[in-house]
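Read the structure below first, then the notes.
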Amino acid sequence: NSTLAENCSKLKFIGINPYGHSSKRKLCPKTIKAILERLMTIPNVIAYFVITPKEQSIIENIIRNNFKEFDNRIFIDKSIKSIKDVITHVASFDAFIGVDTATCHICANYDVLQLAIYQKKASSNAMWAARSINAVNIFTNKSHMGNITYQDIETALEQVLDSFN
């Protein structure tokens, strides 16, 4: 039906990967929760986690304990088996929020609107950051991503979300 098709076309799928490979590249649950709280204030947003199986239980707990009423708008993709699966999903997102991992570079390749979060590191951050006209790269002053707060990324996240309008 045309009403359903119109409503579906208004949906915005935002991919999220709050976990990098190393232990220093993982956002804390409190920051992840704050990001989800902000995203759920936008009626047409669907949050879609692209994470490995070992982190899925952390996100499931955050959803179960804080977002039961939004369980039809927050998803964890449990079918990801390879980078090929990641590429397929990322290319279809309207936006992406992630840390310094392959997903940010895949988004840049497809010009997906994104917020790429980097912790304080050597001057190489600028060299290795995701490059795209749609990439908002932020470099926090934190040496461990677990110490990054929502306030550290709020302005950049709002910049990405404003691009939806």
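From R64, atom CZ reaches atom NZ of K68 across 8.5 Å, with rounding to the nearest 0.5 Å. Between atom CG of residue L39 and atom CD1 of residue I74 there is a gap of 8.5 Å, rounded to the nearest 0.5 Å. Atom CG in L161 sits 5.5 Å away from atom CD1 in I14 (nearest 0.5 Å). The CD1 atom of I148 sits 7.0 Å away from the NZ atom of K142 when rounded to the nearest 0.5 Å. Once rounded to the nearest 0.5 Å, the distance linking CG of D71 with CZ of R73 reads 11.0 Å. Separating the OG1 atom in T31 from the CD atom in Q151 is a distance of 8.0 Å, to the nearest 0.5 Å.
Side chains of H89 and Y48 form a contact here, defined as non-hydrogen atoms less than 4.5 Å apart. Looking only at side-chain heavy atoms (C-beta outward), V136 and Q114 stay at 4.5 Å or farther from each other. F93 has its side chain within reach of V50: a pair of non-hydrogen atoms, C-beta onward, lies under 4.5 Å apart. At least one side-chain heavy atom of I97 sits less than 4.5 Å from a side-chain heavy atom of I35. Side-chain contact check for N137 versus I117: every heavy-atom pair is 4.5 Å or farther apart. Looking at I59 and I51, their side chains come closer than 4.5 Å, going by heavy atoms from C-beta outward. The side-chain heavy atoms of F49 and L36, taken from C-beta on, include a pair separated by under 4.5 Å. I153 places a side-chain heavy atom less than 4.5 Å from the side chain of I138.
Side-chain contact annotation: S132 with D111, donor-acceptor N/O pair under 3.5 Å present. Residues T149 and D152 have side chains that bring a donor and an acceptor to within less than 3.5 angstrom of each other. Residues S79 and D77 have side chains that bring a donor and an acceptor to within less than 3.5 angstrom of each other.
Here the side chain of N61 pairs a donor or acceptor atom with the backbone of S57 at under 3.5 angstrom. Proximity of a side-chain donor or acceptor of D94 to a complementary backbone N or O of F13 within less than 3.5 Å is detected. Not a single donor-acceptor pair under 3.5 Å links the side chain of K12 to the backbone N or O of N44.
A pairwise comparison of heavy atoms in I76 and Q56 identifies CG2-CG, 3.6 Å as the closest pair. Nearest heavy-atom pair across V45 and M40 is O-CE, 4.0 Å. A pairwise comparison of heavy atoms in L115 and A156 identifies CD1-CB, 3.5 Å as the closest pair. A pairwise comparison of heavy atoms in Y110 and I87 identifies OH-CG2, 3.6 Å as the closest pair. Nearest heavy-atom pair, N66 versus E69, reported as atom, atom and distance to 0.1 Å: O-OE1, 4.1 Å. The heavy-atom pair separating V99 from C104 by the smallest distance is O-SG, 3.0 Å.
Aromatic ring orientation, F67 versus F70: tilted (interplanar angle from 30° to 60°).
Electrostatic pairing of K26 and E55 counts as a salt bridge here, judged by a charged N lying under 4.0 Å from a carboxylate O.
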Could you walk me through whether R38 and Y150 pass the side-chain contact (heavy atoms from CB on, under 4.5 Å) test, one step at a time? CA-CA 10 Å; R38 175 59 182 103; Y150 181 74; 3.3 Å; yes
Please lay out, stage by stage, how N17 and F96 fare under the test side-chain contact (heavy atoms from CB on, under 4.5 Å). CA-CA 8 Å; N17 182 359; F96 189 81; 3.6 Å; yes
